[in-house]
Structure formats: structure tokens, C-alpha cells
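For reference, the structure is listed below as C-alpha cells.
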Amino acid sequence: SVYQDLQKGPVSTDCIELERNILAKFAGTGRLFVFRHHGFWSQVKTPGTAVFATQYYLSIQRKEHPESLAKGSNIIGDVLIHPTAKVSSSAVLGPNVTIGANTVVKDGVRIKHSILLDGCEIEPHACLLYSVIGGNTHVGCWSRIEGTPTILNPNKPLAHVTNPSTFNEEGKLNPNITVLGHNTNISKGTMVRNSIILPYKDIAHSYKNVILL
């Protein structure tokens, strides 16, 4: 088998890459085949690709199930809101926004190109741009959670995120979508930009380009 061949070679089997270690071995053996998939598929390796995949999914929903998307004067583009979520009519959402179950979005909030998981609470006038917000996270009023845009056209079949790595060659965090882990608490008036915040953190100060463990 290919796995047995890998054990004989110089490649460590503790970490096997599909493209380099598996598919390359199959090439030319007559055992490698291609299945052409016509449905929805997208790689999700980074926060940026997760937001892009959501954008692609929402575009499909708009074409096939437009009734599932939110409508209203405060909705811009494709927005999916869970039926149990509570969103203020003065909050402006979209494009490319998903709101999870039991999430509360209060007055004057602005959200675009972001994913909010279940049970979040977004206080008045907070701003969430290019972010992934973990479940049961609290974002204080007038706070700003912002990542670096990864703007891709989901209608282009070869569209892809050009920055797949979390760190650059110098070991510094590459600008990307901001991620708040679940059960994070963001104090009022706080700004978090281009950062990854692990779960169960209380953030009382502003941060940028960091990973908080």
C-alpha cells in the first residue's frame, strides 16, 4: 500500500500530506481517478477561507432557497439569521453574515463579512467586520472587532485564498480574519484587529496582530 511505501521512505508517517505524499505516489500507477463534483465544495483551512466558504454558501442559498435569507431595510446582500436569534431593526447586517441560534444583536450594531455562532451577545453600536465570533461570546458596546478582508468572487471557479499560512517567514502573524474563541468577553470600547483570541478570555484592552493563548 501507499502507507507501507511511506514507512519505508524518508517521510515521517506522523504527518502525511495528501497532495505530496499520497496523490504523488498514486500518479502513474493507474490507480488514481478523478471524481468531478458539481455541487458545493470549498476548502476551510484558515478563518479567511471559512468566511469565503460562507459567502459561497449564501450565494447558493440566494439562488436556490431565497426565502431562507433575511430581508429588511437593515439587510445588505446575503444574510442568514437563525429563527431563534434576536436582531434589532436598527442593526445593519451584511453582506455575507450568518447569525447563529439564540444570538442577540442590539441597537446600532454593524456587522459584515462575519460569522457569529450560537449564543453570542453583541451590545449596542459594536462593529464586527471580517470576523468569526465563537459561541457564547459577549462583545461590549462601541467595541470594534475587525480582520483583514479576504475578498474573493465565489462565482470564479478558481478563486482561492492566497495567504493560507497563519504566520509569515519571519514568524509574525499574517493579517487575516479576526477570531474570537467561544465564551470570550470583550469589554466596552475595545478594539481587536487581525488577532486570534482563544476561548474563555476577558479582553479589557485593545489588541492588534496577536494571538492570545
Side-chain angles (χ1 to χ4, degrees), residues 38-44 46-157 159 161 176-186 188 190-194 197 199:
H38 296 280
F40 171 72
W41 183 88
S42 179
Q43 284 188 333
V44 179
T46 67
T49 55
V51 172
F52 169 63
T54 300
Q55 178 182 351
Y56 188 25
Y57 172 76
L58 292 177
S59 70
I60 294 174
Q61 288 294 100
R62 174 168 30 87
K63 295 176 182 178
E64 299 183 359
H65 302 285
E67 71 282 356
S68 67
L69 299 180
K71 298 177 179 63
S73 59
N74 62 327
I75 303 298
I76 302 172
D78 298 332
V79 175
L80 184 63
I81 301 175
H82 193 276
T84 62
K86 297 180 180 179
V87 178
S88 169
S89 60
S90 66
V92 179
L93 276 58
N96 186 24
V97 170
T98 59
I99 306 294
N102 300 310
T103 286
V104 177
V105 179
K106 298 184 179 180
D107 295 343
V109 169
R110 179 68 175 103
I111 305 175
K112 71 176 182 179
H113 293 287
S114 295
I115 301 169
L116 280 68
L117 300 182
D118 298 350
C120 296
E121 184 175 13
I122 313 302
E123 297 290 354
H125 306 291
C127 182
L128 281 63
L129 312 174
Y130 306 101
S131 302
V132 177
I133 310 300
N136 301 311
T137 287
H138 174 267
V139 177
C141 61
W142 295 103
S143 293
R144 186 180 183 94
I145 312 300
E146 182 178 1
T148 296
T150 303
I151 303 298
L152 295 172
N153 185 350
N155 296 317
K156 293 183 178 180
V161 176
N176 207 324
I177 300 298
T178 288
V179 179
L180 302 183
H182 62 83
N183 294 89
T184 296
N185 179 53
I186 305 294
K188 64 180 181 179
T190 301
M191 180 173 183
V192 179
R193 191 168 191 273
N194 293 337
I197 311 298

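Basis for what follows: all heavy atoms, side chains included, without hydrogens, waters or symmetry-related copies.
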Ignoring hydrogens, what is the shortest heavy-atom contact between Asn194 and Thr178? Give both atom names and the distance.
N-OG1, 2.8 Å
Does Ser114 use its side chain to pair, donor to acceptor, with the backbone of Lys112 at less than 3.5 Å?
yes
Point-to-point distance, once rounded to the nearest 0.5 Å, from CG of Leu93 to CD1 of Ile99:
5.0 Å
Would a distance-only check, ignoring hydrogens and angles, find a side-chain to backbone donor-acceptor pair under 3.5 Å from Asn74 to Ala91?
yes
Any non-hydrogen side-chain atom of Asn176 less than 4.5 Å from a side-chain atom of Thr148?
no
Is there a side-chain contact between Val105 and Ile81 (heavy atoms, below 4.5 Å)?
no
Does the side chain of His82 come within less than 4.5 Å of Thr103's, by heavy atoms?
no
Side chain to side chain contact (heavy atoms under 4.5 Å, CB included) assessment of Leu116 paired with Leu128:
CA-CA 10 Å; Leu116 280 68; Leu128 281 63; 4.0 Å; yes
For Lys106, side-chain hydrogen bond (donor to acceptor under 3.5 Å, both in side chains) partners two or more places apart
Glu121, Glu123
OG1 of Thr54 to CZ of Phe52, rounded to nearest 0.5 Å, is 10.5 Å
Between Asp118 (side chain only) and Ala101 (backbone N and O only), is there a donor and an acceptor less than 3.5 Å apart?
yes
Note: Gly134 and Cys120 closest approach over all heavy atoms is O-SG, 3.1 Å
Could you check if a side-chain atom of His182 sits within less than 4.5 angstrom of a side-chain atom of Pro199, using non-hydrogen atoms only?
yes
For the side chain of Ser68 and the backbone of Pro66, is there at least one donor-acceptor N/O pair under 3.5 Å apart?
no
Between His138 and Asn185, is there a side-chain donor-acceptor contact under 3.5 Å, judged purely by atom types and distance?
yes
Nearest-0.5 Å distance that lies between atom SG in Cys141 and atom CD1 in Ile122:
12.0 Å
Closest heavy-atom pair and its distance - Ala85, Gly100:
CB-O, 3.6 Å
Between atom CD1 of Ile115 and atom CD of Gln55, what is the distance when rounded to the nearest 0.5 Å?
10.5 Å
To the nearest 0.5 Å, what is the distance between CZ on Arg62 and CD on Glu67?
13.5 Å
Between Thr184 and Leu180 the two heavy atoms that sit nearest each other are OG1-C, 4.3 Å
Distance, nearest 0.5 Å, that separates CZ of Arg193 from CD of Glu146:
4.5 Å
Test item: Thr137 side-chain N/O and Gly181 main-chain N/O as donor-acceptor pair under 3.5 Å:
yes
So, do Tyr130 and His113 sit near enough that their side-chain heavy atoms are less than 4.5 Å apart?
yes
At their closest point, which heavy atom of Gly147 faces which heavy atom of Ser131, and how far apart are they?
N-OG, 4.1 Å
Arg110: what forms a side-chain hydrogen bond (donor to acceptor under 3.5 Å, both in side chains) with it, not counting sequence neighbours?
none
Please tell me if the side chains of Tyr57 and Leu80 come closer than 4.5 Å, counting only heavy atoms from C-beta onward.
yes
Pro95 vs Asp78 side-chain heavy atoms within contact, under 4.5 Å:
no
Whether the side chain of Thr84 engages the backbone of Asn102 through a donor-acceptor N/O pair (distance < 3.5 Å, no angle test) should be reported.
yes
Of all heavy-atom pairs between Gly108 and Ser90, which one has the smallest distance, and what is that distance?
N-OG, 3.1 Å
